[in-house]
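Step one of this worksheet: look at the structure below.
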Amino acid sequence: MGIPMSRRLTMFAVSCVLAVPCLASAQQDASAGSNMAAMTFGPVPGLPTCAPGSVQSGDPRTGPSFILAKVAAGCVIPWHWHTPNEHLMIVSGIVRLETKDGKPLTLQAGGFATMAARHAHLFRCTSACVFYVYTDAAFDIHYVDSLGHDVSPLEALNAVNETVAGP
């Protein structure tokens with residue numbers, strides 16, 4: 001004979017009830033996040049000291065990542081490009097982006113911009129700004145002069161009165 005239908009339904013119901021806390025626990029463990037007040041900001045190698053960041057996800061040294069940047073008013077990241085594609089999502093403040101072949105773009109809270117890999121651009125916070133940066137591969141920065149020739153971070157940042165952040 002087998003197990004009576006009522007007994008099978010009871011066992012099924014009990015197993016469902018027992019499984020729910022396990023699923024909820026797995027979902028909580030798979031999620032991560034924090035509020036800005038709890039985040040630690042520090043220098044981002046190669047960027048100016050006026051542009052500290054806090055890694056939110058991934059490892060920018062080895063692959064895709066999200067970084068929250070908290071940048072001072074007037075901070076300039078002179079002409080540069082990145083190996084990965086770069087995506088900016090503005091939380092607060094006003095950002096001015098210039099590209100070599102496009103019109104300048106001013107972004108405010110809620111603004112979004114994408115810079116294609118190896119596409120030279122200039123970044124400036126016209127007021128204190130907070131924004132997320134997502135890169136789809138390891139983060140790097142390559143500074144160039146107005147003609148597009150490679151220059152050292154020290155040379156590029158000195159030209160705009162900024163100081164390069166150390167490792």
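None of the values given here were measured: they were computed from a predicted structure. Every heavy atom of this structure was used, including side-chain atoms; hydrogens, water molecules and symmetry mates were not.
- Between the side chain of S127 and the backbone N or O of I94, at least one donor-acceptor pair lies under 3.5 Å.
- The shortest side-chain heavy-atom distance between Y132 and V91 falls under the 4.5 Å cut-off.
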Side-chain donor-acceptor distances from residues 157-164 under 3.5 Å, at least two apart:
{"from": "N158", "atom 1": "ND2", "to": "L154", "atom 2": "O", "distance (Å)": "3.3"}
{"from": "E162", "atom 1": "OE2", "to": "V76", "atom 2": "N", "distance (Å)": "3.2"}

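- H149 has its side chain out of reach of V144: every pair of non-hydrogen atoms, C-beta onward, lies at least 4.5 Å apart.
- Taking a 4.5 Å side-chain heavy-atom cut-off between Ile, Leu, Val, Met, Phe, Trp and Tyr, the cluster of V55 extends to I67.
- Judged as a salt bridge (Lys or Arg N to Asp or Glu O under 4.0 Å), not a single pair has a partner in residues 123-135 (not counting sequence neighbours).
- Residues L47 and L68 fall into different hydrophobic clusters, defined by Ile, Leu, Val, Met, Phe, Trp and Tyr side chains chained together at heavy-atom separations under 4.5 Å.
- Sorted by first and then second residue, the disulfide (SG to SG under 2.5 Å) pairs with a member in residues 56-92 read C50-C75; sequence neighbours excluded.
- V95 places none of its side-chain heavy atoms less than 4.5 Å from the side chain of T106.
- Side chains of L107 and F131 form no contact here, defined as non-hydrogen atoms less than 4.5 Å apart.
- The backbone N or O of S146 lies less than 3.5 Å from a partner atom in the side chain of K100, making a donor-acceptor pair.
- With rounding to the nearest 0.5 Å, the separation of CD in Q108 from SG in C129 is 11.5 Å.
- Note: Y143 OH to D145 CG = 14.0 Å, rounded to the nearest 0.5 Å.
- Side-chain contact between Y134 and S65 is absent, with no heavy-atom pair separated by less than 4.5 Å.
- Distance check: E155 CD to D150 CG gives 10.5 Å after rounding to the nearest 0.5 Å.
- Expressed to the nearest 0.5 Å, how far CZ of F112 lies from CG of L105 amounts to 11.5 Å.
- Neither M115 nor M89 shares a network with the other; the hydrophobic side chains, linked directly or stepwise wherever heavy atoms of I, L, V, M, F, W or Y lie under 4.5 Å apart, form separate groups for each.
- Panel note: side chain T135, backbone A138; no donor-acceptor pair is recorded below 3.5 Å.
- Listed here is the closest heavy atom pair of P153 and G46: CB-O, 4.4 Å.
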Could you pull out every donor-acceptor pair under 3.5 Å between side chains of residues 79-88 and any protein atom, sequence neighbours left out?
{"from": "H80", "atom 1": "ND1", "to": "P78", "atom 2": "O", "distance (Å)": "2.6"}
{"from": "H80", "atom 1": "ND1", "to": "H121", "atom 2": "O", "distance (Å)": "3.2"}
{"from": "H80", "atom 1": "NE2", "to": "H82", "atom 2": "NE2", "distance (Å)": "3.2"}
{"from": "H80", "atom 1": "NE2", "to": "H121", "atom 2": "NE2", "distance (Å)": "3.0"}
{"from": "H82", "atom 1": "ND1", "to": "D140", "atom 2": "O", "distance (Å)": "2.5"}
{"from": "H82", "atom 1": "NE2", "to": "E86", "atom 2": "OE1", "distance (Å)": "3.2"}
{"from": "T83", "atom 1": "OG1", "to": "D140", "atom 2": "OD1", "distance (Å)": "3.4"}
{"from": "T83", "atom 1": "OG1", "to": "D140", "atom 2": "OD2", "distance (Å)": "2.4"}
{"from": "N85", "atom 1": "OD1", "to": "A117", "atom 2": "N", "distance (Å)": "2.9"}
{"from": "N85", "atom 1": "ND2", "to": "D136", "atom 2": "OD2", "distance (Å)": "2.7"}
{"from": "E86", "atom 1": "OE1", "to": "H121", "atom 2": "NE2", "distance (Å)": "2.9"}
{"from": "H87", "atom 1": "ND1", "to": "T114", "atom 2": "OG1", "distance (Å)": "3.3"}

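- F66 CZ to S54 OG: the interatomic distance, rounded to the nearest 0.5 Å, is 13.5 Å.
- Every residue was checked against the side-chain hydrogen bond (donor to acceptor under 3.5 Å, both in side chains) condition with T126, not counting sequence neighbours, and none meets it.
- Contact of the M39 side chain with the Q56 side chain is registered, since non-hydrogen atoms from C-beta on lie closer than 4.5 Å.
- No donor-acceptor pair closer than 3.5 Å links the side chain of N35 to the backbone N or O of A37.
- No single ILVMFWY cluster, assembled from side-chain heavy atoms under 4.5 Å apart, contains both V44 and V130.
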